[in-house]
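Data first, discussion second: the structure below is written as structure tokens.
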Amino acid sequence: MSTAAPRASAPRPRAYPDPGPFALVAVCRPVRGEFTYAVPDALRTALTPGLRIRVPFGRAISLGFYLGPASDPGPSVKTRPIEKALDLEPALTPDLVELLRFAARHYRAPLGEVMKAALPPGLSQATDARDAKPDAVLWAKVVPGVTPAMITRAPAQHAAFSYLTAVGGEALVDEVEHAMAGAREHLKKLAKRGLVTLEPRTVVRAVAQGLAQGRPEALTEAQAVAVQELERAVSEGQFAPYLLHGVTGSGKTEVYLRAAEHARALGKGTLILVPEIALTPQLVGRFKSRFGDAVAVLHSALKDSERLRHWQALRSGKVSIAVGVRSGVFAPIPNLGLVVVDEEHDPSFKQEEKLRYHARDLAVVRAQRAKATVVLGSATPSLETLLNTRQGKYRLLTLPTRVDDRPMPGVSLVDLRLERPKDPAARDVEPPILSPPLRAAMRETLEKGQQVILFLNRRGHSTYVLCEVCGQSRRCTDCDVCLTHHLGQRALVCHYCGKRSPLPTTCPECDGPLLTLGVGTEKVEEEVGTTFPGARLARLDRDAVTNNERLTELLAAFARREIDVLIGTQMVAKGHDFPGVTLVCVLLADSALALPDFRAAERTFHLLTQVAGRAGRGKEPGRVLVQSYNPLAEAVARSVGHDFEGFSALELARRKALGWPPWSRLAAVRVEGEDPDLTADVARRLGRAMARALPAASLGVRLLGPAPAPIAKVKGKTRWQLVLKAPTHALMLGPLEAAEALLPELPGSVRAVIDVDPGAML
Ligand code: ADP
Ligand code: ZN
């Protein structure tokens with residue numbers, strides 16, 4: 001790329017204006033702002049927005065992105081020239097460039113870092129893309145007719161083979177190796193024996209195929225209305241945001257699929273965001289079975305080389321549909337026509353570290369920049385989305401009933417206050433985990449050969465350990481929380497820092513006897529095991545299932561009905577579709593209610609509704625039992641009554657009265673440090689600076705704090721927080737900038753971060 005071709009003979013018309021002598025550039029360094037560089041003549045025709053370039057920065061050479069023409073900074077400013085264009089085509093599509101600039105401004109992050117977040121690892125250095133070669137990716141596939149029983153006298157090969165059959169007959173060799181070390185060699189041996197085939201594939205496969213389902217011939221009436229509307233919007237090619245509010249089991253996924261089919265037929269791309277790939281193998285499976293290799297699946301377990309390969313397949317237009325978790329919002333899909341955010345209310349769309357963005361919110365912004373249709377789908381929309389819909393910003397599509405007129409599960413309450421042992425002499429201070437009504441329902445369900453899900457949002461065996469004499473509970477020395485007793489690990493475990501210590505036999509303070517109280521999933525498993533010795537149990541939580549492969553296997557086994565009772569944390573609550581499940585029980589509805597977070601009631605309502613939605617999705621009707629000490633709490637009572645409207649109306653009114661989102665915007669400044677006094681000092685200094693920058697009181701911006709965070713210590717670090725509450729985002733900018741101005745001057749041992757639109761207040 002030495003001398004530029006004469007302009008008159010340029011082979012194709014330029015889609016973008018000539019940059020002129022100056023260019024606006026994002027530099028991939030932890031610095032704020034956009035920079036002006038000089039454009040060498042040779043590069044004039046090469047620059048298009050989103051193009052990766054190499055620029056001098058300070059004494060270093062850095063990766064950068066061309067953003068657009070810049071105005072002449074004047075003779076007093078010395079601009080340096082762009083050194084080189086790194087690609088022929090821009091790595092980032094124009095809508096992505098706009099999205100990233102928005103994200104940097106909104107979330108108060110350096111643009112360069114934001115841009116890096118959007119790139120696969122191989123492209124985030126200042127080297128030519130042509131140098132980056134993705135590894136070949138090897139797939140192992142079971143030869144039809146071969147069964148695990150045919151592999152004798154080679155236990156390791158047998159295990160690797162069984163893995164393949166468990167996940168549907170094929171898997172990435174890397175994936176199997178990841179699940180069982182050494183599997184690569186065993187798969188090679190199996191291939192030599194002709195029992196397995198190994199093939200490199202350039203196309204992308206889902207981690208799990210799940211239970212692929214066929215394309216239903218007829219849509220329900222409500223589905224048809226929604227699909228028609230979305231098809232029209234996608235064809236129109238204007239920004240069109242929708243809320244798809246459909247009860248659990250109403251067939252939202254089919255609506256997404258049809259809309260994506262339509263976009264594809266028009267030559268447009270589709271982006272689907274889901275909270276967690278491993279927990280939604282069925283959605284992924286359905287997209288794979290409908291679109292085959294036209295789908296890229298972007299999840300957190302991808303290796304760098306795979307990520308790069310997916311990225312290139314999308315960027316080049318070879319693959320036009322991407323299913324991904326929150327970072328998928330940055331997937332390079334040219335000509336984006338449709339964006340779907342499934343389970344849009346899910347808190348995991350908010351990234352809680354580094355670049356603290358909300359993928360659902362960015363998805364809407366991206367659709368706007370790309371003139372695309374965006375669908376936010378949920379059975380329990382967030383109050384933010386609901387309010388936007390009420391205010392006419394989003395259009396509403398509803399799927400009010402389940403497919404095939406399957407009834408919603410009947411939900412009944414078990415008031416745990418009434419289930420305490422009647423006999424006061426009963427040593428057992430806690431009510432039974434499995435209340436008598438639950439036992440009866442479980443017995444009945446299991447006798448019919450149907451399946452049960454038990455949900456409890458607490459891992460471990462006993463959630464706290466208390467001395468019977470002095471009353472002291474065992475707490476983490478580094479974190480401000482009680483320790484959980486884990487039977488499987490034979491230890492007390494801190495759920496915040498992960499530290500373990502042995503369970504003492506007596507109280508270390510007074511030698512009194514210890515009580516292990518509070519119920520975690522392990523205790524439930526124990527209890528179910530003794531009560532229903534014949535039932536096949538499995539536990540689904542982060543202790544029992546430590547990698548995605550195990551998770552996939554477990555969900556597949558449950559779907560094949562090899563498990564009768566599945567006990568788990570919120571991992572069982574997500575959008576699974578298990579037709580054999582006819583009984584779902586929420587063991588303790590109150591566990592999330594008491595959290596010191598203004599969203600506690602909303603989260604509880606969501607969880608209860610989502611869990612209940614797992615029941616009765618097949619031909620047999622389902623029922624749900626909700627055990628609670630607070631049966632009158634709105635979040636509990638309204639979810640039992642399937643009363644989303646009633647709950648959200650009340651909760652919206654309550655938030656309005658207190659000035660919480662969605663009626664206001666928040667930004668948190670979190671301060672943490674080893675030294676408690678110094679940390680408090682810094683928090684106060686930030687507080688003073690922010691207070692001085694508050695706009696006139698009549699504008700309604702409030703600064704809460706500085707105050708110790710609700711969990712005041714984690715991993716030995718003291719935590720403080722400041723919260724800004726304002727009618728609009730723009731009104732927070734003054735105080736936020738005041739805080740930012742102080743950040744470089746803070747003592748090294750104290751860290752302060754800004755979190756715009758924080759997800760949790762803990
Ligand atoms: P949701 O995501 O709303 O909870 P799903 O998309 O999982 O619901 O749909 C529930 C079940 O109904 C799935 O098994 C799906 O395959 C099936 N289904 C969806 N639409 C139809 C249809 N039009 N006809 C028959 N079955 C359908
Ligand atoms: Zn701890």
Side-chain angles (χ1 to χ4, degrees), residues 210-228 243-261 272 274-275 279-287 289-290 340-346 375-381 397-409 460 464 473-484 486 491-501 559 573-581 584 606 609-620 622 644 711-719:
L211 292 181
Q213 284 163 329
R215 188 176 190 272
E217 269 159 41
L219 294 176
T220 66
E221 224 168 282
Q223 279 177 325
V225 170
V227 168
Q228 202 178 14
L243 162 62
L244 177 63
H245 184 187
V247 298
T248 53
S250 59
K252 292 185 284 296
T253 311
E254 188 58 36
V255 174
Y256 308 149
L257 285 162
R258 299 282 173 125
E261 282 177 6
I272 299 109
V274 295
L279 288 171
T280 42
Q282 287 162 330
L283 182 138
V284 176
R286 276 195 236 170
F287 269 87
S289 71
R290 191 75 53 96
V340 172
V341 183
D342 189 33
E343 309 289 1
E344 68 87 27
H345 64 277
D346 198 292
V375 185
L376 309 181
S378 177
T380 51
L397 300 169
T398 42
L399 306 179
T401 55
R402 286 189 158 180
V403 172
D404 288 345
D405 289 321
R406 278 167 214 156
M408 290 302 283
Y464 57 108
S473 56
R474 298 284 95 222
R475 302 179 75 83
C476 178
T477 48
D478 290 339
C479 308
D480 187 21
V481 293
C482 286
L483 295 172
T484 302
H486 283 247
L492 291 172
V493 181
C494 171
H495 281 187
Y496 280 81
C497 70
K499 216 170 63 175
R500 281 162 211 207
S501 47
K574 305 275 168 161
H576 310 299
D577 189 18
F578 301 117
V581 175
V584 167
H606 289 169
T609 308
Q610 297 291 338
V611 180
R614 302 310 114 218
R617 296 172 69 96
K619 293 195 182 63
E620 301 295 325
F644 176 80
I711 296 171
K713 201 169 95 176
V714 169
K715 296 185 194 175
K717 292 203 170 120
T718 303
R719 308 161 84 225

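Ligands are counted one by one from 1 in listed order, and the atoms in each one are counted from 1 as well.
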Side chain, backbone, both or neither: the part of Val247 lying under 4.0 Å from ligand 1 by heavy atom: backbone
Can you tell me how far CZ of Arg500 sits from CG of Leu483, rounded to the nearest 0.5 angstrom? 12.5 Å
Test of geometry: compute the angle SG(Cys494)-the Zn ion (ligand 2)-SG(Cys476) and round it to 10°. 110°
Could you tell me whether ligand 1 has any atom less than 4.0 Å away from a heavy atom of Arg617? yes
Is it the case that atom NZ in Lys713 sees more than 12 heavy atoms from other parts of the structure closer than 6.0 Å? yes
Go through ligand 1 atom by atom and flag the ones less than 4.0 Å from a non-hydrogen atom of Thr220. 23 (N)
Interatomic distance, Leu397 atom CG to Gln223 atom CD [nearest 0.5 angstrom]: 12.0 Å
Have a look at Glu254, Arg286, Arg406 and point out the one with the heavy atom closest to atom 7 (O) of ligand 1. Arg286
Could you tell me whether Pro216 approaches ligand 1 through its side chain, its backbone, both or neither, with non-hydrogen atoms closer than 4.0 Å? side chain
Return the option from Glu343, Gln610, Gln223, Arg614 holding the heavy atom at the smallest distance from atom 20 (N) of ligand 1. Gln223
Which atoms of ligand 1 sit under 4.0 Å from any heavy atom of Thr248? 4 (O)
Applying a 4.0 Å heavy-atom criterion (strictly less than), which segment of Ala218 is in contact with ligand 1: side chain, backbone, both, or neither? backbone
Just jot down the ligand 1 atoms closer than 4.0 angstrom to any heavy atom of Thr253, in number order. 2 (O), 6 (O)
Can you tell me if His245 uses its side chain to pair, donor with acceptor, with the backbone of Thr380 under 3.5 Å? no
With rounding to the nearest 0.5 angstrom, report the CG to NZ distance, Asp478 to Lys499. 3.5 Å
Side chain, backbone, both or neither: the part of Val403 lying under 4.0 Å from ligand 1 by heavy atom: side chain
If we number the atoms of ligand 1 from 1 as shown, the ones under 4.0 Å from a heavy atom of Gly251 are 1 (P), 3 (O), 5 (P), 6 (O), 8 (O), 9 (O), 19 (C)
N/O donor-acceptor pair under 3.5 Å between Arg406 side chain and Gly249 backbone: no
Give a yes/no verdict on whether any heavy atom in Ser250 is under 4.0 Å from an atom of ligand 1. yes
I'd like to know if the Zn ion (ligand 2) has an N/O/S atom from His495 within less than 2.8 Å of it, counting both backbone and side-chain atoms. no
Flag side-chain contact, heavy atom, 4.5 Å: Arg258 against Pro216: yes
Report yes if some heavy atom in the side chain of Arg402 is under 4.5 Å from a heavy atom in the side chain of Thr220; otherwise report no. no
What's the spacing between Ser378 OG and Lys252 NZ if we round to 0.5 Å? 6.5 Å
Which ligand 1 atoms, with their elements, are less than 4.0 angstrom from a heavy-atom of Lys252? 1 (P), 2 (O), 3 (O), 4 (O), 6 (O), 8 (O)
Using non-hydrogen atoms of the residue, decide whether Leu283 is closer than 4.0 angstrom to ligand 1. no
Decide yes or no for Phe644 and Thr609: does some side-chain heavy atom of the first lie under 4.5 Å from some side-chain heavy atom of the second? no
